[in-house]
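Quick note: numbers below take in every heavy atom, side chains included, and nothing from hydrogens, waters or symmetry partners.
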Amino acid sequence: YAGTQTIWTDSVSPGNYRLRETTTGGGVETYDMNKGTNYGSAVDFTDTDNYWDTTNTNQDEAATDAHFGAEITYQYFFQKFGRLSYNNLDGKLKSYVHYDNAYDNAFWDGYQMTYGDGNGTPTSAFTSLDVTGHEISHGVEEYSC
């Protein structure tokens with residue numbers, strides 16, 4: 001949804017990158033739920049060249065959208081309000097993508113953001129910038145209201 005953007009990732013080994021980074025507050029991590037609902041079974045999204053052109057039939061581009069959205073939302077709250085993540089203590093921003101089968105929503109559960117793939121159309125995943133910002137804002141509200 002955001003076009004070509006720069007995101008931070010980390011290198012697990014030469015030629016193996018994942019959607020995790022430590023330069024933004026307590027970190028930003030993005031995981032693949034593989035259409036399941038058990039967070040313990042989530043796995044890393046990986047890439048071999050660190051160029052995340054992940055558009056495919058699994059809608060894996062939703063992962064890079066969620067990762068970018070978490071990074072940019074952190075930056076917004078920090079630059080505009082001096083806020084250090086959702087809890088103002090640099091809490092790690094965790095995103096879980098591909099939640100359940102055709103899950104038509106996204107949510108903050110008090111610890112992390114979770115994103116469904118929607119109804120299966122190419123633009124139905126709930127990971128656009130306005131949705132990621134909205135879900136992280138629930139965390140800000142939880143820790144500041």
Worksheet item: Are Glu29 and Leu93 side-chain neighbours, meaning at least one heavy-atom pair lies under 4.5 Å?
Response: no
Item to complete: Could you state whether Leu19 and Phe68 fall into the same hydrophobic cluster, counting links through intermediate Ile, Leu, Val, Met, Phe, Trp or Tyr residues with side-chain heavy atoms under 4.5 angstrom apart?
Response: yes
Fill in: Test side-chain contact (heavy atoms from CB on, under 4.5 Å) applied to His134 and His138, step by step
CA-CA 7 Å; His134 172 93; His138 283 301; 2.9 Å; yes
Worksheet item: Backbone N or O of Tyr31 within a donor-acceptor pair of the His67 side chain at under 3.5 Å?
Response: no
Worksheet item: For the side chain of Glu135 and the backbone of Trp108, is there at least one donor-acceptor N/O pair under 3.5 Å apart?
Response: yes
Worksheet item: Hey, are the side chains of Met113 and Thr132 touching, using non-hydrogen atoms and a 4.5 Å cut-off?
Response: no
Worksheet item: Are side-chain heavy atoms of Phe126 and Asp104 found at a separation under 4.5 Å?
Response: yes
Worksheet item: Should Tyr74 and Asp90 count as side-chain neighbours, where that means a heavy-atom distance under 4.5 Å?
Response: yes
Worksheet entry | Geometric class of the Phe77/Phe81 ring pair [parallel <30°, tilted 30-60°, perpendicular >60°] | tilted
Fill in: Non-hydrogen side-chain atoms of Val28 and Arg20 separated by less than 4.5 Å
no
Item to complete: Heavy atoms only: give me the nearest Met33-Ala42 pair and the separation to one decimal.
Response: SD-CB, 3.8 Å
Worksheet item: Can you tell me how far CG of Asp130 sits from OG of Ser137, rounded to the nearest 0.5 angstrom?
Response: 11.0 Å
Worksheet entry | Hphob cluster co-occupancy, Leu129 + Tyr76, side-chain heavy atoms under 4.5 angstrom | yes
Response to the item:
OG of Ser41 to CG of Asp32, rounded to nearest 0.5 Å, is 11.0 Å
Practice prompt. Considering non-hydrogen atoms only, spot the tightest contact between Gly26 and Lys92 and give its length.
Written response: O-CE, 3.5 Å
Item to complete: Can you measure from CG (Asn88) to OG (Ser144) and round to the nearest 0.5 angstrom?
Response: 8.5 Å
Worksheet item: For Ala125 and Ala62, which heavy atoms make the closest approach, and how far apart are they?
Response: CB-CB, 3.7 Å
Worksheet item: Under 3.5 Å, side chain of Ser85 to main-chain N/O of Asn87, donor-acceptor pair present?
Response: no
Discussion item. Would you say Phe45 ends up clustered with Ile7 if hydrophobic residues are merged whenever their side chains have heavy atoms under 4.5 Å apart, either directly or through other cluster members?
Written reply: yes
Item to complete: Let me see the working for Lys35 and Asp100 under salt bridge (charged side-chain N to carboxylate O under 4.0 Å, His left out), right down to the final yes or no.
Response: CA-CA 4 Å; Lys35 301 191 184 296; Asp100 210 350; over 6 Å; no
Discussion item. Any non-hydrogen side-chain atom of Asp49 less than 4.5 Å from a side-chain atom of Tyr17?
Written reply: no
Discussion item. Would a single hydrophobic cluster contain both Tyr39 and Tyr86, if residues Ile, Leu, Val, Met, Phe, Trp and Tyr are joined by side-chain heavy-atom contacts under 4.5 Å?
Written reply: no
Item to complete: With side-chain hydrogen bond (donor to acceptor under 3.5 Å, both in side chains) as the test, would you mind laying out the steps for Thr46 and Asp44 before giving the verdict?
Response: CA-CA 6 Å; Thr46 60; Asp44 282 306; over 6 Å; no
Item to complete: Mark yes when over 12 heavy atoms from residues, nucleotides or ligands other than Phe78 sit less than 6.0 Å from its CZ; otherwise mark no.
Response: no
Response to the item:
Heavy-atom nearest pair, Glu61 first then Thr64, reads O-OG1, 2.9 Å
Practice prompt. Please answer whether the main-chain N or O of Thr24 pairs with a side-chain N or O of Glu21 as donor and acceptor at a distance below 3.5 Å.
Written response: yes
Worksheet entry | Identified side chain to side chain donor-acceptor pair (under 3.5 Å) partner of His98 from the options Asp117, Asn34, Thr127 | Asp117
Worksheet item: Which heavy atom in Ile136 sits nearest to a heavy atom in Ala70, and how many Å separate them?
Response: CD1-CA, 3.7 Å
Fill in: Evaluation steps, ring-ring contact (aromatic ring centres under 6.0 Å, His included), between Tyr115 and Tyr99
CA-CA 6 Å; Tyr115 303 97; Tyr99 178 81; over 10 Å; no
Discussion item. Just so I know, are the side chains of Trp52 and Thr9 near enough to count as touching, which here means a heavy-atom distance under 4.5 Å?
Written reply: yes
Fill in: Minimum side-chain heavy-atom gap Leu84-Leu89 below 4.5 Å
no
Practice prompt. Begin with the C-alpha distance, continue with both residues' side-chain angles, and end with the deciding distance and a verdict on side-chain contact (heavy atoms from CB on, under 4.5 Å) for Val97 and Thr30.
Written response: CA-CA 7 Å; Val97 178; Thr30 305; 4.0 Å; yes
Practice prompt. Give a yes or no on whether Val140 and Phe107 share a hydrophobic cluster (residues Ile, Leu, Val, Met, Phe, Trp, Tyr; joining criterion: side-chain heavy atoms under 4.5 Å apart).
Written response: no
